[in-house]
2 protein chains.
Amino acid sequence: MSVTIYDIAREANVGIGTVSRVLNNSANVTTETRERVITVARKLNYQPHAFAQALARKRSNTLSAIIPFFTNYFFIEVLQGVQETLSSLGYDLIIHGANNQQQVAEYLQRSMRKGRVDGTLLFSLELPENFVEEFRQQKVPLVLVDTFHPAFDSIRVDNAGGATIATEHLISLGHRNIGMINANLQSAPARERLASFRQTLQQAGIQIPDGNIVNSAEEKNDGFSRESGFRGMMEFLGRGLPLPTAFFVSSDIQAIGVLAALRERNIRVPEDVAIVSFDDVELAKNFDLTTMRQPMFKMGELAVKKMIERIEHPEAPVSSVSFKPGLVIRASCGANKQYVFHEQ
Amino acid sequence: MSVTIYDIAREANVGIGTVSRVLNNSANVTTETRERVITVARKLNYQPHAFAQALARKRSNTLSAIIPFFTNYFFIEVLQGVQETLSSLGYDLIIHGANNQQQVAEYLQRSMRKGRVDGTLLFSLELPENFVEEFRQQKVPLVLVDTFHPAFDSIRVDNAGGATIATEHLISLGHRNIGMINANLQSAPARERLASFRQTLQQAGIQIPDGNIVNSAEEKNDGFSRESGFRGMMEFLGRGLPLPTAFFVSSDIQAIGVLAALRERNIRVPEDVAIVSFDDVELAKNFDLTTMRQPMFKMGELAVKKMIERIEHPEAPVSSVSFKPGLVIRASCGANKQYVFHEQ
DNA sequence: GAGTTCTATGGAAGGGCTTTCAAAAGTAGG
DNA sequence: CCTACTTTTGAAAGCCCTTCCATAGAACTC
């Protein structure tokens, strides 16, 4: 059937051990033997059997990523970094899109199947407590991206810092009546961004009515969606409060909804209302959004590096890195266009 | 170390064969034995070793997808269909993003590594001729999505039909001077869409100047990008021809660029110029684009089904399915909003 | 109750690789 | 030329499963 090392061994007049050693570039093989084996292998168009290797090596060179599937451009962009880095290291990436908590559990379970993957990346999803112990027991490395648990490595975004910069930017442009269209508070980023928004205003001595803040009640995607942004702004407009001169919106995708709502009411951006949002997904530039940039590609890259380190040093202390978002100024805030990117 | 069927066999006082039979729900095991084994397996928290299974079964339950990575929302949406379908069948999906022809080759090569995957889905990329023979020899199933080769199964989009409908729609709205902003002609869809556009106009007895058609020269993504659309429209405007009252644009993402270019020149859509594009990616509705909808999720789903069939019947005749896009009317063409979706 | 057919079961073989171990071959030193 | 190492090599063991084969026992048949 297909060519195995036995075929090569026979043809090259050596033992299978030698073939394996040649193929793996192990030491202690004469150049002469090595070349003979390589020639035969090439001639027979030999392809190593991945699973047999994985079984023998106890290592699969495959990682899995569990993400809230494709509902959010943010993940896709991080994933891009993950995939490219992985690929250059000869690893494969299995993608699991989880649409609900039950699927998350199912995929986590699957990831723990001994030997299937060398590690799992969990994106933006809270790790169910009952898995914490399981993962530690099974010794399957887990790296959290955009989410947190003290027992595992994680890559995070400094939401508080980002929200502070965004808010300060609006203040520096002279805005004193500012609103916020937020996602669902059940998500940690939404909570963190709101808290910093409030705190920054307070420190600047600015008072705003409670009604200026709209938190989404939507379940889907924790309110990080276009619809949520649209409805959030509509809800605000329905409250009859004086229109703030600026809004901080908790994500680009929501901001797109906000923009649509404002257009519908003939409110101009940035002339009547300035907008600053969060993420800087690729889309943001199409809408000329001023936003807090997260280095998504980099985050993906780093996540992989962490994972590899963890695989190689299972007992190393847990580490958590947090990226600081940088302000990207475009048209929606009314300031000049210019690019200010702080990277940690 | 980790729990194997041997541990279960010992504990349950049966042979490993019996354990395997129970775990695989094979026939000929007494209920009593079956229950005893299951109890023990559960107690020991047994997880089958995926690679050992794959090796023994000669089947990995894993597919790979090679896509022009994440540069295009179209793929992501198809991928969503692929992933969900696959997941429900207990398959895993490995994703390979290829940024150039060389990477495509590398990934194809990797896919052929015996046993690694049960099959490969190739998206929108031309299959290099030298792989044709290799794939047939190695007997690794290959399904083409949005691309074509007579030797393999494929899922396609009826680009010609779609372009015809789009063009007819513009004609039916009264437009007589129509332009087209196209992608790079080195891509088959771009060629097909252009050909039908021309033919439809001709059949309607409408003559347009050659200068009304702009083909992208961009390499990146074959010109299916926002930048390409922006530049395409700018190039047209620089030609000094009378402004057509309508444009057919070869993809939504380009249309977004076109919109930006028109806005920059203060040309209103749809009042001054009507736009119809192609794809109906999720984004399209945010821009209120009238566009030709491709059932991307469905395409993904079908691709998987074909693949499974191919795996089960390697010798079945090659088949090719083509989806007919449906017109989705939004604001950009100036007609009333209404949803007209033809599905094949 | 002897002979026959089925069903349930244990365990070896096999899948293709890596790695360990022991033997063979080579090198150096005296 | 013999001894003491070192390097190279072949082959067995092991990774964990599925599957096949042979056997033991149960269930039937007449």
Side-chain angles (χ1 to χ4, degrees), chain A residues 1-38 40-41 44-62 90 112-118 138-140, chain B residues 1-38 40-41 44-62 90 112-118 138-140:
Chain A
M1 190 69 217
S2 77
V3 188
T4 72
I5 53 170
Y6 287 87
D7 301 319
I8 299 180
R10 195 177 336 106
E11 192 94 356
N13 248 305
V14 295
I16 54 159
T18 304
V19 175
S20 176
R21 271 181 291 262
V22 170
L23 265 23
N24 291 295
N25 281 313
S26 308
N28 298 335
V29 184
T30 24
T31 343
E32 198 243 330
T33 318
R34 161 160 280 127
E35 270 167 13
R36 193 146 38 94
V37 170
I38 288 181
V40 174
L44 299 181
N45 192 18
Y46 170 77
Q47 303 275 3
H49 192 298
F51 288 156
Q53 273 184 333
L55 187 58
R57 285 184 184 155
K58 304 176 176 218
R59 191 162 167 174
S60 65
N61 271 249
T62 302
M112 287 191 307
R113 264 181 73 177
K114 256 288 170 245
R116 182 71 191 92
V117 295
D118 295 339
Q138 300 273 344
K139 302 265 184 219
V140 180
Chain B
M1 191 67 219
S2 74
V3 188
T4 72
I5 53 170
Y6 287 88
D7 301 320
I8 300 180
R10 195 176 337 105
E11 193 95 356
N13 250 306
V14 295
I16 55 160
T18 304
V19 176
S20 177
R21 272 182 290 264
V22 170
L23 265 23
N24 290 296
N25 281 314
S26 308
N28 298 334
V29 184
T30 26
T31 342
E32 198 242 329
T33 316
R34 160 162 277 125
E35 270 166 15
R36 194 146 37 93
V37 170
I38 288 181
V40 174
L44 299 181
N45 190 21
Y46 170 78
Q47 304 276 359
H49 191 299
F51 288 156
Q53 274 183 332
L55 187 59
R57 287 183 181 155
K58 303 177 179 219
R59 189 161 170 177
S60 65
N61 270 248
T62 303
M112 287 189 309
R113 266 181 70 178
K114 255 290 168 250
R116 183 72 191 91
V117 295
D118 295 340
Q138 301 272 345
K139 304 263 184 219
V140 181

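Numbered from 1 within each chain, the chains take letters A, B, ... in sequence-line order. All values derive from a computational prediction rather than experimental measurement.
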From CD1 of B/Ile8 across to C1' of D/dT18 the rounded distance in Å is 14 Å
Between atom CG in B/Leu23 and atom C1' in D/dT19, what is the gap in whole Å?
15 Å
Expressed as a whole number of angstroms, how long is the span from B/Asp7:CG to D/dC15:P?
11 Å
Walk along nucleotides 5-15 of chain C from 5' to 3' and tag each nucleotide B, S or - by protein heavy-atom contact under 4.0 Å, base first, then sugar-phosphate.
---SBBBB-BB
Minimum side-chain heavy-atom gap B/Arg10-B/Val40 below 4.5 Å
no
If each end axis of the helix from C/dG1-D/dC30 to C/dG30-D/dC1 is fitted on five C1' pair positions, the angle between them, to 10 degrees, is 40°
A/Thr30 vs A/Arg36 side-chain heavy atoms within contact, under 4.5 Å
no
Once rounded to the nearest 0.5 Å, what's the spacing between atom CD1 of B/Ile8 and atom OG1 of B/Thr18?
12.0 Å
Taking only distance into account, with no hydrogens and no angle test, what donor-acceptor pairs under 3.5 Å do side-chain atoms of residues 49-57 of chain B form with protein atoms, sequence neighbours excluded?
residue : atom : partner  : partner atom : Å
B/His49 : ND1  : B/Phe51  : N            : 3.2
B/His49 : ND1  : B/Ala52  : N            : 3.3
B/Gln53 : OE1  : A/Arg113 : NH2          : 2.7
B/Arg57 : NH2  : B/Asn24  : OD1          : 2.9

Given side chains that start at C-beta, do those of A/Val3 and A/Asn45 come closer than 4.5 Å, heavy atoms only?
no
Nearest-0.5 Å distance that lies between atom CG in B/Leu23 and atom CD1 in B/Ile5:
8.0 Å
What is the distance, rounded to the nearest whole Å, between atom CZ of A/Arg57 and atom C1' of D/dC15?
13 Å
Roughly how many Å is it from CG in B/Asn25 to P in D/dT18, rounded to a whole number?
12 Å
Whole-Å gap separating P (D/dC16) and CZ (A/Arg116)
16 Å
Picking from A/Val29, A/Val14, A/Asn13, what satisfies side chain to side chain contact (heavy atoms under 4.5 Å, CB included) with A/Val37?
A/Val14
Between B/Arg116 and A/Thr62, is the side-chain contact (heavy atoms from CB on, under 4.5 Å) condition met? List the steps.
CA-CA 11 Å; B/Arg116 183 72 191 91; A/Thr62 302; 2.9 Å; yes
